[in-house]
Number of protein chains: 2
Amino acid sequence: MALGNVLLVALLHKEATGYEITREFDSTLGHFWQASHQQVYRELGKLESEGLVAYRDIKQEGRPDKKRYRLTANGRRALKAWLQEPPATRRVNDELLVKILGGEIVGAEMLQAHIAAKRIEQEHRLELFQGIEREYYKGSKLEDLSTEMRLLYLTLRKGIFVAQAFVDWAREAESLLRRGRIV
Amino acid sequence: MALGNVLLVALLHKEATGYEITREFDSTLGHFWQASHQQVYRELGKLESEGLVAYRDIKQEGRPDKKRYRLTANGRRALKAWLQEPPATRRVNDELLVKILGGEIVGAEMLQAHIAAKRIEQEHRLELFQGIEREYYKGSKLEDLSTEMRLLYLTLRKGIFVAQAFVDWAREAESLLRRGRIV
DNA sequence: TCACAATATGCAATAGGTTGCATAAGGAGG
DNA sequence: CCTCCTTATGCAACCTATTGCATATTGTGA
């Protein structure tokens, strides 16, 4: 049910088509949750059959028709109930750590390469997040921003803290491996 | 295929039964990867049919018989190939962040409660990790430990960095919410 | 001109994970 | 004594996610 509720959150402030929500999963929303367009369309259909969302057909010329979805009163109620439940803990699945544990049979250089690749990924995320922080939050006071922007600030800060921690760890780990202290 | 390879890593240093591996998923290995006993048994059967592991039947009195699995030469080769592939990036699915984004309809107190619950969870993890670090690593030099213990040290350090970052973020977020700066 | 990206939706098959249930014997605690 | 936990394995049904494919048109770049 999690994905369904994420779609309800996406429809909280504005109506949208499945295509638009899918694109949001590639941008801001994608830092919290990811889903393919097939998942989005299937789940919107399910939500519609449960009466949690409704859609209007939009005829278009030269482009495919589309369905503009909106939250129903029932949808809002269901979302509120879900938001009040404590967030489920996700199963841990950290492929990098498993590969480190198998480091004996691939050697230090391979581990360094794997860790460095992830570090660079996180460094890019970090720069992106810090750029957003500078552009949208450093100039103005929180109270001058919309509630949505203030909530996004909390999530942005989480991204910064966690990405920075990963980068710090990776540097330490790479240094230990480089100096032959591990394998 | 990821789970199968995790099982191969678990069998790298010692033979084990499905039951024993399942218990490891509740302890050390569980910090990297989690799987249910049903998953473990099913996957071991699959690995066996592919010739990557083999088992010996162990008859027991007063207890159920068991199957002691070990890695085959083919299994070790397959594992090595997998360890050399760059770790796959996992889909982002952060329910807490989604719930924060929906904070407008549940209010600041509810968000604080959700964040505090996760923070306490991470504080416990952090204490556990720091305890392990003190007990196993602070007293002796890395070079006096086994390779496996040294590799585990890298993963332990990751746990510490990331858990600490989460706790730091959560304190900041809780403080902002408490002071009514967000919702 | 030809191929490809963007817009817009979706079905079908497969893979992977969760939940519920089953079996069976011994030991611990109330 | 009765129930629950531990040991030890596994099947079956279900839910969720991934991958591949399909359709149709307009605009863009090589």
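Numbered from 1 within each chain, the chains take letters A, B, ... in sequence-line order.
A:Val53 and A:Leu44 get closest at one heavy-atom pair: CG2-O, 4.0 Å.
With rounding to whole Å, A:Lys66 atom NZ is found 15 Å from D:dT25 atom C1'. Computed from coordinates, the A:Tyr41 OH to D:dT19 C1' distance equals 17 Å when rounded to whole Å. The CD-P distance, from A:Gln34 to D:dT16, rounds to 19 Å in whole Å. Atom CE in B:Met1 sits about 16 Å away from atom C1' in D:dT19, given to the nearest Å. Rounding to whole angstrom units, CD of residue A:Gln38 and C1' of D:dT16 are separated by 13 Å.
Between the side chain of A:Trp169 and the backbone N or O of B:Leu154 there is at least one donor-acceptor pair closer than 3.5 Å.
Heavy atoms of other residues, nucleotides or ligands lying less than 6.0 angstrom from CZ of A:Arg179 number more than 12.
A side-chain contact (heavy atoms from CB on, under 4.5 Å) with B:Phe129 holds for exactly one of B:Val162, B:Thr155, B:Leu156; it is B:Leu156.
Contact annotation: B:Gln60 side-chain N/O to D:dA8 OP1/OP2 distance is under 4.0 Å. Dashed line: the shortest gap from a side-chain N or O of A:Gln39 to OP1 or OP2 of D:dT18 is under 4.0 Å. Side-chain nitrogen and oxygen atoms of B:Arg42 include none within less than 4.0 Å of the OP1 or OP2 phosphate oxygen of D:dT9. In this model, the phosphate group of D:dT16 is approached by a side-chain N or O of A:Lys46 to a distance below 4.0 Å at OP1 or OP2.
Counting non-hydrogen atoms under 4.0 angstrom, B:Thr22 reaches nothing in the nucleic acid. At the heavy-atom level, B:Arg68 lies nowhere under 4.0 Å from the strands shown.
The nearest heavy atom of DNA chain D to B:Arg23 and to B:His37 marks one nucleotide each, and the one closer to the 5' end goes with B:Arg23. Both B:Arg91 and B:Lys67 lie near DNA chain D, and the one whose nearest nucleotide falls closer to the 5' end is B:Lys67.
Using a 4.0 Å cut-off between a side-chain N of Lys or Arg and a carboxylate O of Asp or Glu, A:Lys118 and A:Glu95 do not qualify as a salt bridge. Note on B:Arg125 versus B:Glu121: no salt bridge recorded, every NZ/NE/NH1/NH2 to OD/OE distance being 4.0 Å or above.
With a heavy-atom cut-off of 4.0 Å to chain A, the contacted part of DNA chain C has its first and last nucleotide at C:dA6 to C:dT18.
Put simply, NE2 on A:His114 and CD on B:Glu85 are 8.5 Å apart, with the number rounded to the nearest 0.5 Å.
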